A.B. asks: 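Have a look at the structure that comes next, please.
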2 protein chains.
Amino acid sequence: MLEKKNSLIHFILDTVPIPKSEAEEIANTFHPIQLKKGDFLLRGNHINNDYFYLEKGLMRTFLFDLKGNEITTDFFIENNIVFEVTSFFNRVHSETNIQAITDCSGFRISYDELNTLFHNKPAFRDFGRAILVKEFITSKKRNYGMINRTAEERYQNLLSSKSQIIQQAPLKYIASYLGITDSTLSRLRRKI
Amino acid sequence: MLEKKNSLIHFILDTVPIPKSEAEEIANTFHPIQLKKGDFLLRGNHINNDYFYLEKGLMRTFLFDLKGNEITTDFFIENNIVFEVTSFFNRVHSETNIQAITDCSGFRISYDELNTLFHNKPAFRDFGRAILVKEFITSKKRNYGMINRTAEERYQNLLSSKSQIIQQAPLKYIASYLGITDSTLSRLRRKI
DNA sequence: AAAATTACTTGACAAAAGGCAAGAAATTAA
DNA sequence: TTAATTTCTTGCCTTTTGTCAAGTAATTTT
């Protein structure tokens with residue numbers, strides 16, 4: 001049974017300095033999955049049980065604000081780990097949804113599989129920590145990037161870091177992610 | 001040499017379900033330190049080598065924006081772990097400063113001590129992960145809380161989550177943390 | 001292909017927040 | 001305790017962004 005997990009193996013090797021054979025063993029624990037545009041990896045009120053390496057495609061996380069509006073809280077591009085940290089690690093029901101913006105493919109493991117790897121593969125501990133640290137840093141950068149910046153600067157910033165999103169996600173996803181209204185984003189685009 | 005690390009022991013036990021004896025052994029690896037108001041735990045351009053349990057006092061992290069203004073990026077209240085994740089885990093020079101807002105006391109370990117604990121005390125791995133997850137969640141909540149909310153709502157939110165900060169930190173720290181000008185915060189306070 | 005739905009744009013006006021500058025109040029240093 | 005510095009407040013005016021509503025364009029469904 002030949003599976004093409006090369007992208008995942010490379011991702012692991014780019015994340016932590018371990019022997020290739022180790023990376024291959026870790027990658028082989030992952031299972032391939034596919035998502036169609038609009039499909040959910042996680043629905044609100046469920047427990048996130050997928051630690052998902054996104055090989056191809058775009059995804060987003062979103063939740064509903066007090067008025068019932070969808071707020072996109074994050075975008076993911078290929079070659080990233082996608083999961084909802086609160087629900088996944090604390091085993092609680094998620095407020096957040098994870099949805100495919102385009103058709104997606106990648107590889108997943110469950111919470112139990114992840115913990116088995118933690119016990120059996122010391123190299124995977126470092127990988128897990130590195131991913132957590134990386135995502136945490138990304139979140140902090142987003143905080144900083146949202147404050148003391150105009151809507152236009154925030155848009156330009158997203159454009160340079162995740163241009164695929166700007167090109168392929170509907171305007172309303174982007175607007176709510178940037179914390180502005182659809183109208184404002186539309187006007188902003190005309191200006192540019 | 002009797003040291004009062006009860007608060008730290010309780011903090012560990014509140015974070016992960018481990019035997020008390022384990023928590024005590026972990027706590028005993030930590031060293032007591034004191035900071036005077038205004039002292040730095042970490043200065044920009046240095047490598048963060050303190051994983052610090054803040055027992056008493058208030059702290060903040062800040063950096064300089066492109067125009068040279070101080071931007072407060074986070075506040076810490078007592079009974080929290082304080083460190084700069086990027087610099088500490090990736091061993092790189094920090095852009096961020098960590099400073100005491102009031103006199104502070106607590107217990108610290110170095111990066112090497114932390115890794116020794118990781119190797120020798122499996123319970124500490126869970127603790128470390130739990131802290132990382134907790135801080136990550138806090139950061140994500142802050143993201144969500146800053147977007148699609150008026151300055152007043154953001155202020156009220158900080159007031160209810162960290163009222164000590166509102167009472168003891170200078171207005172300009174709070175204003176830059178909320179992403180508003182000193183004037184706007186001053187006017188806002190008058191209104192309330 | 002027509003109808004229905006969703007996505008995006010635009011205009012007119014309103015609200016929120018910023019810029020700048022002057023002065024008052026509080027804190028720190030001499 | 002006086003002087004110096006820092007912190008906070010306030011007025012006036014500008015800029016940014018929001019609200020609401022109408023209309024066009026694009027996509028999806030039937």
Side-chain angles (χ1 to χ4, degrees), chain A residues 36-40 58 60 62 64-72 75 97 99-103 143-159 164-192, chain B residues 36-40 58 60 62 64-72 75 97 99-103 143-159 164-192:
Chain A
K36 288 275 173 206
K37 173 177 177 177
D39 282 357
F40 286 78
L58 302 174
R60 67 166 185 146
F62 72 92
F64 294 94
D65 71 10
L66 301 168
K67 293 173 195 147
N69 305 309
E70 274 187 16
I71 308 291
T72 295
F75 288 117
N97 301 267
Q99 188 183 31
I101 294 174
T102 63
D103 291 356
N143 274 322
Y144 176 64
M146 290 301 290
I147 288 183
N148 287 78
R149 283 190 161 62
T150 64
E152 179 169 351
E153 290 168 322
R154 283 176 271 159
Y155 180 80
Q156 294 281 10
N157 188 48
L158 181 62
L159 184 59
Q164 304 99 310
I165 296 294
I166 299 285
Q167 282 149 20
Q168 304 197 48
L171 177 141
K172 65 176 177 177
Y173 293 179
I174 299 167
S176 75
Y177 176 80
L178 295 176
I180 59 180
T181 58
D182 296 5
S183 317
T184 299
L185 179 51
S186 180
R187 283 185 248 265
L188 219 128
R189 283 183 156 171
R190 185 178 30 158
K191 240 184 70 184
I192 303 171
Chain B
K36 287 274 173 207
K37 174 177 174 175
D39 283 356
F40 286 78
L58 301 175
R60 68 166 184 145
F62 72 92
F64 295 93
D65 70 10
L66 303 167
K67 293 173 196 148
N69 305 309
E70 274 189 13
I71 307 290
T72 295
F75 289 117
N97 301 266
Q99 189 183 31
I101 294 174
T102 64
D103 291 356
N143 274 323
Y144 176 64
M146 291 300 290
I147 288 184
N148 286 80
R149 283 188 163 61
T150 64
E152 179 169 350
E153 290 169 322
R154 284 175 271 161
Y155 180 80
Q156 294 282 12
N157 188 48
L158 180 63
L159 184 59
Q164 303 99 309
I165 296 293
I166 298 286
Q167 282 149 21
Q168 299 188 236
L171 176 142
K172 66 176 176 179
Y173 294 179
I174 299 166
S176 74
Y177 176 80
L178 296 176
I180 59 181
T181 59
D182 295 6
S183 318
T184 299
L185 179 52
S186 180
R187 283 185 247 267
L188 217 128
R189 281 182 158 173
R190 182 176 34 155
K191 241 184 69 184
I192 302 171

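Nothing here was measured: the structure is a model prediction, and the numbers come from that model. Just so we're on the same page: letters track the sequence lines, and every chain starts at 1.
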A.B. asks: Side chain of A:Arg187 only, heavy atoms from C-beta on: which candidate in C:dG18, D:dC20, C:dA17 is closest?
C.D. replies: D:dC20
A.B. asks: A:Tyr144 ring centre to A:Arg149 NZ or CZ under 6.0 Å, with the angle to the axis within 45°?
C.D. replies: yes
A.B. asks: Just how far, in rounded Å, is P of C:dT10 from NZ of A:Lys191?
C.D. replies: 14 Å
A.B. asks: Looking at the side chain of B:Leu171, which of C:dT28, D:dT9, C:dA17 is the nearest nucleotide?
C.D. replies: D:dT9
A.B. asks: Where the side chain of A:Ser186 is defined as all heavy atoms beyond and including C-beta, which of C:dA7, C:dC8, D:dT19 is the nearest nucleotide?
C.D. replies: C:dC8
A.B. asks: In terms of the nearest nucleotide of DNA chain C, which residue is placed more toward the 5' end: B:Ile180 or B:Lys37?
C.D. replies: B:Ile180
A.B. asks: Base, sugar-phosphate or nothing for B:Gly179? Non-hydrogen atoms, less than 4.0 Å.
C.D. replies: sugar-phosphate
A.B. asks: Of the options D:dT7, D:dG11, D:dT17, whose atoms approach the side-chain atoms of A:Ala151 most closely?
C.D. replies: D:dT17
A.B. asks: Answer whether the closest heavy-atom distance between the side chains of B:Tyr177 and B:Arg154 falls below 4.5 Å.
C.D. replies: no
A.B. asks: Closer than 4.0 angstrom, basic N to acidic O: yes or no for A:Glu152 and A:Lys191?
C.D. replies: yes
A.B. asks: Rounded to whole Å, please give me the gap between CG in B:Asn148 and C1' in D:dT19.
C.D. replies: 14 Å
A.B. asks: So what does B:Thr181 hit on the nucleic acid, given a heavy-atom distance under 4.0 Å: a base, only sugar-phosphate, or nothing?
C.D. replies: sugar-phosphate
A.B. asks: Calculate the interatomic distance between A:Asp182 atom CG and D:dG23 atom C1'; express it in whole Å.
C.D. replies: 16 Å
A.B. asks: Could you state the atom-to-atom distance from CG of A:Leu188 to P of C:dT10 in whole Å?
C.D. replies: 13 Å
A.B. asks: Considering only side-chain heavy atoms of A:Thr150, which listed nucleotide, D:dG11, D:dT17, C:dT9, is closest?
C.D. replies: D:dT17
A.B. asks: Under 4.0 Å between a side-chain N or O of B:Thr184 and OP1 or OP2 of C:dA17?
C.D. replies: no
A.B. asks: Roughly, in whole Å, what's the span from CG in B:Leu178 to P in C:dA17?
C.D. replies: 11 Å
A.B. asks: Could you check whether A:Thr184 and A:Thr181, counting side-chain N and O atoms only, form a donor-acceptor pair closer than 3.5 Å?
C.D. replies: yes
A.B. asks: So, A:Gln99 side chain and A:Gly38 main chain: donor-acceptor pair closer than 3.5 Å or not?
C.D. replies: yes
A.B. asks: Can you identify which nucleotide, out of D:dG18, C:dT10, C:dA7, has its nearest atom closest to the A:Arg190 side chain?
C.D. replies: C:dT10
A.B. asks: Report the distance from atom CD of A:Glu70 to atom P of C:dA7, rounded to the nearest whole Å.
C.D. replies: 9 Å
A.B. asks: Figure out the OH/P separation between B:Tyr155 and C:dA17, and round it to whole Å.
C.D. replies: 14 Å
A.B. asks: Starting at CG of B:Leu185 and ending at P of C:dG19, how long is that distance when rounded to a whole Å?
C.D. replies: 15 Å
A.B. asks: Pick the nucleotide of DNA chain D nearest each of B:Ser183 and A:Lys67; which residue has the one closer to the 5' end?
C.D. replies: B:Ser183
